[in-house]
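One structure is given below, encoded as structure tokens.
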Amino acid sequence: MKSADVRRKYIEFFVKRGHKEIPSAALVPENDPTTLFNSSGMQPLIPYLLGEEHPEGKRLVNSQKGVRMQDIDEVGDNRHTIFFEMLGNWSLGDYFKKEQLPWIFEFVTRELGLDPRRLYVTVFAGNNSVPKDTESIKVWQEIFSNVGIEAEENERIFAYPAAKNWWSRAGEPDKMPPGEPGGPDSEMFYDFGEQLHLHEHSPWKDETCHPNCDCGRYMEICNSVFMQFVKQADGTLKELSQKNVDFGGGLERLTAASNDNPDVFTTDLFSSIIRIIEGLSKKNYTDEPKTTRAMRIVADHIKCSVMMLADGVLPSNKLQGYVLRRLVRRALLHGRSLGLAGDWKYVGQLVTPVAQIYEDAYPEVVTKAQEIKLLLEEEAYRFGKSLEKGLKKIEKIEKLDGTQAFKLYESFGFPWEMTEEIARSRGQVVEKGEFAKAFKTHQDKSRTAARGMFKGGLADHSEEVVKLHTATHLLHQALRIILGNHVQQKGSNITAERLRFDFSHPSKLSEEEIKKIENLINEQIKKDLPVSFKITTYTDAIKDGALAFFGERYPEKVKVYSVGNPSASSGSRNSVFSREICGGPHVEHTGILGRFKIMKEEALGAGTRRIYATVSKTP
Ligand code: SER
């Protein structure tokens, strides 16, 4: 079965069951500079899972593109990829376990044709605050019994602790920050059986092999999260006002399972890319495990780079641009192990197959293919040249030690194994100890940074954060009135202490401009304007003058927040000051905001400024 059929069948299946299809958001969340990439289907839906009303209703379905950098070390096996597509359906306080689990089973068995005897499921085993998910066990037993399978616990249904069967963006309950939603989940695994080429070195024959074992025989194909809790500041979990379902099924893996092929890299989502790499390197994908692994890494990383470039990410030393740069470099280094060096621009030849794979789902990759190719070639060429210089330098070093090996990793992205291989070919031994120490410090630093980056646009939905969110709308509009309509929001991050707002503007703000902006906002606060929202079509919202983030793909129906009375005649004391497409939440009246003050204004990059501002705690 082709991946496009899997995607289409899934969307149709859930549309038939009352779901509204919503578009995939871009890889880079446009209104949220604190999360580098969308890494799950639910990410753009957080406000609605927390209780905001979604303009398209309570049942949603889509296919969302995503990037999971945390899987980078796993890429090279049969199933991990950094770029992925997640088929998702959501119940926002509507249906729950007894509808969700039978539907998913029906979809994978009837629509994709998976043999029920090859399916295994897992549920949450419980912890000290949330009980074991016996309800899901019962539902699964009934589902399997309807197809003549007696589903016993520990044979077909397995219960695991939070490390395996709890889902939130931060992981287990202990790791969730305040305000983060999460819940127990139920995963489904497909048994590929004893396909020997996969299991030569795997522990599958051991008695310990089970669905959640990492050997590759059982592949997790989808996950239904019962998102019904939110983390509190005191560390406890509170029931959300609504019980949600957040389902995610990896398109790559569902396609692999529907073809009974354990290798996602030989499905139509990768095979054409691999073929080009085979041609360029004059090696076969199946030659030896080392070759297979390197080809998978090159194919995955370059595909991911192409998709990032298509969404406007450019190589740089910061944020998303740095991730992109790392991926291209890593791909080139692994390509080098396949003999692909010298003409580093070869990666440009992989753009066309990627564009063809996604021509229906993401046509922008096709329209931008030429531009993407040039950018990718340029980046590859520059790195290739500096790598060649670096390698020449290494040859001059008499004894390569662990610290130097780490420098190679830091400057060129050389993985340990590759450095060792360089060194070995020259009869040297490099001590891993020193490398490992420096590497760990580096990893700890990036993890801390990543944690800081993790939170969404709103740190939580506390009263202070919600107030500052409304203040952000006032600021956005005030900037446009005082500085001009060229001002566009580039990002926003709000904590209980302050708001941070990034916007396009070519020059530093003068003290006078800052004063004018503050005064204008404080006037709106004094007027105690009502804040309200209405649900309308995207086209009507724009016609009405609502602000929207340029380039973001919106569903047909959107929520528009107005500050001021939408029905008051324009120019009157209470007429609308700001109108913006936004998921919420907001305060009900501006009067409770307190005094607005800009604390700091600075340059963020060419043509982009950043403002930090607060409101006083008391109105
Ligand atoms: N949020 C869950 C996941 O990403 C299910 O959609 O796996």
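In listed order, ligands and their atoms are each counted from 1.
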Examine F105 together with F107 and report whether their ring centres are nearer than 6.0 Å.
-> no
Does ligand 1 have any atom sitting under 4.0 Å from a heavy atom of M86?
-> yes
Minimum non-hydrogen distance to atom 4 (O) of ligand 1, winning option of R169, R68, Q43, M42 = R68
Crowded around E142 CD? As in, over 12 foreign heavy atoms under 6.0 Å?
-> no
Which atoms of ligand 1 have any heavy atom of F247 under 4.0 Å away?
-> 5 (C), 6 (O)
Closest approach of any protein heavy atom to atom 7 (O) of ligand 1, naming residue and atom | W167 NE1, 3.5 Å
What protein heavy atom sits nearest atom 5 (C) of ligand 1, and how far off is it?
-> G248 N, 3.4 Å
Is there a side-chain contact between V365 and E359 (heavy atoms, below 4.5 Å)?
-> no
Other residues, nucleotides, ligands: >12 heavy atoms within 6.0 Å of K557 NZ = no
Around atom 6 (O) of ligand 1, find the nearest protein heavy atom and jot down its residue, atom name and distance.
-> D246 OD1, 2.8 Å
Looking at V225, which atoms of ligand 1 are within less than 4.0 Å of one of its heavy atoms?
-> 2 (C), 5 (C)
Going by the angle between their ring planes, with limits at 30° and 60°, are F14 and W103 parallel, tilted or perpendicular?
-> perpendicular
Over 12 non-hydrogen atoms of neighbours within 6.0 angstrom of CZ in R156 = yes
Is S40 in polar range of ligand 1, meaning some N or O pair under 3.5 Å apart?
-> no
